[in-house]
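These numbers come from the heavy atoms of this one structure, side chains and all, not from hydrogens, waters or symmetry mates. Here is the naming used below: chain letters follow the sequence lines, and residue numbers restart at 1 for every chain.
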There are 2 protein chains.
Amino acid sequence: MTASPTLTRWFDMCQHRRMSNALSLPVLEPDVVEPCCPPLTERPLTAEESERTAVMFKALSDPVRLRLFSLVASHPGGEACVCDISDVGVSGPTVSFHLKKLKQAGLLASERRGTWVYYRVEPSVLAAMGALLTSPVRA
Amino acid sequence: MTASPTLTRWFDMCQHRRMSNALSLPVLEPDVVEPCCPPLTERPLTAEESERTAVMFKALSDPVRLRLFSLVASHPGGEACVCDISDVGVSGPTVSFHLKKLKQAGLLASERRGTWVYYRVEPSVLAAMGALLTSPVRA
DNA sequence: CATCTGTTTCGATAAACGTCAATATAGACG
DNA sequence: CGTCTATATTGACGTTTATCGAAACAGATG
């Protein structure tokens with residue numbers, strides 16, 4: 001499978017670089033990425049924004065995926081091979097299925113090195129989600 | 001079902017609330033989820049933690065719910081009546097269904113005042129979710 | 001009381017989801 | 001080459017979800 005249409009559109013809208021001038025830029029700025037949407041408390045999301053944002057939250061809406069994600073995110077070196085994290089109580093194919101979902105949502109990236117496949121967190125997307133949930137000063 | 005000892009400890013560590021005014025409420029809001037948990041990048045979530053956390057993310061994993069939530073969260077005064085936010089492209093019953101889900105996840109609270117029902121954001125839960133997504137290892 | 005308006009619940013349905021067993025692919029190693 | 005190991009895909013199956021129309025409920029007002 002190639003990159004999902006959803007993912008591609010997300011990057012188009014959220015990070016205007018890449019498509020236009022990614023050819024010459026090696027994408028080195030990880031965390032100054034502009035979040036795709038303002039905090040949820042700032043203004044109502046448009047229908048389109050909510051569609052896009054829901055994909056990211058949905059990726060973390062499953063217990064197994066949440067565990068896999070935290071296993072990768074907290075792994076020394078910032079990445080983990082599938083063999084390191086596949087002991088979460090479901091079958092191998094199911095682990096693969098969930099990792100694929102996380103990848104399609106843009107939360108993880110994968111790379112094969114020899115026998116093993118390594119997954120690592122896409123830091124900018126995580127930061128963008130965190131920014132969505134920043135709370136106002138009241139409380 | 002009552003809170004397990006583990007749950008109670010989490011509850012204590014993460015935020016002290018709800019103990020004082022819980023007695024007047026019967027079991028009307030039983031499935032309120034205690035928000036909690038360390039950043040996803042800090043250490044792997046346990047099975048139990050991931051089950052609990054997934055409920056919160058699942059609440060925001062639907063476009064309509066995300067929109068409803070941002071409509072409430074960004075509404076002047078910090079609350080909105082259903083009539084103010086029900087123009088999101090789905091039927092009335094569906095709006096009610098989604099608001100109920102958000103309430104069950106602990107993200108919204110509701111109160112009837114006369115003819116209208118008002119929903120407001122549960123700020124501590126929002127902050128807890130934001131804390132979960134703090135950026136991965138800044139080295 | 002009767003009625004109107006706003007909101008929720010109920011019943012049904014189609015779509016999406018999570019899971020596994022079986023199968024396929026990719027690379028390592030003889 | 002053949003085989004072994006590590007991941008991924010496929011197909012099937014049961015469960016959950018989002019949605020609506022109809023009906024019920026709650027409160028205001030006549």
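Counting to the nearest Å, the P atom of C:dA28 and the CZ atom of A:R113 are 13 Å from each other. Between the C1' atom of C:dT9 and the NZ atom of B:K103 lies a distance of 14 Å, rounded to the nearest Å. Atom C1' of nucleotide D:dC20 and atom CZ of B:F97 are separated by 12 Å, given to the nearest angstrom. When rounded to the nearest whole Å, the span between CG of A:D84 and P of D:dT7 equals 8 Å. Rounded to an integer number of Å, the gap from NZ of A:K100 to P of C:dC20 is 17 Å. Going from atom CD of A:E111 over to atom P of D:dA8 covers 13 Å, rounded to whole Å. Across the protein-nucleic acid pair, A:K101 atom NZ and C:dA16 atom P stand 10 Å apart, rounded to whole Å. Atom pair B:L108:CG and C:dT8:P shows a separation of 11 Å (rounding to whole Å applied).
Regarding contacts with the backbone of C:dT8, every side-chain N or O of B:R112 stays at 4.0 angstrom or more from both OP1 and OP2. Distances shown here put every side-chain N or O of A:T94 at or beyond 4.0 Å from the OP1 or OP2 atom of C:dT19. Distances shorter than 4.0 Å separate none of the side-chain N or O atoms of A:T115 from OP1 or OP2 on C:dG27. Between A:R65 and C:dG18, a side-chain N or O to OP1/OP2 separation shorter than 4.0 Å is present. Neither OP1 nor OP2 of D:dT17 sits under 4.0 Å from any side-chain N or O of B:H98. Using a 4.0 Å cut-off, some side-chain N or O of B:Y119 falls inside it from OP1 or OP2 of C:dT8. Contact annotation: A:K58 side-chain N/O to C:dC17 OP1/OP2 distance is under 4.0 Å.
In this structure, A:R113 is positioned above the aromatic face of A:Y118, its NZ or CZ under 6.0 Å from the six-membered ring centre and within 45° of the axis.
Counting non-hydrogen atoms under 4.0 angstrom, A:Y118 reaches nothing in the nucleic acid.
Between B:P63 and A:E51, the shortest heavy-atom contact is CG-OE1, 3.7 Å. A pairwise comparison of heavy atoms in A:L126 and B:T134 identifies CD2-O, 3.8 Å as the closest pair.
Checking A:G114 against A:P93, the closest nucleotide of DNA chain C that is more toward the 5' end is the one next to A:P93.
B:E48 and A:R67 are not joined by a salt bridge, as no carboxylate oxygen comes within less than 4.0 angstrom of a charged side-chain nitrogen.
Side-chain proximity of B:C81 to D:dA18, C:dT7, C:dC20: nearest is C:dT7. Comparing C:dT19, C:dT7, D:dT7 by their closest approach to the side chain of B:V82 singles out C:dT7. Minimum atom distance to the side chain of A:L99 is reached by D:dA8, of the listed C:dC17, D:dC20, D:dA8.
For the residue pair A:T53 / A:S50, no side-chain donor-acceptor distance below 3.5 Å is found, with atom types taken as modelled.
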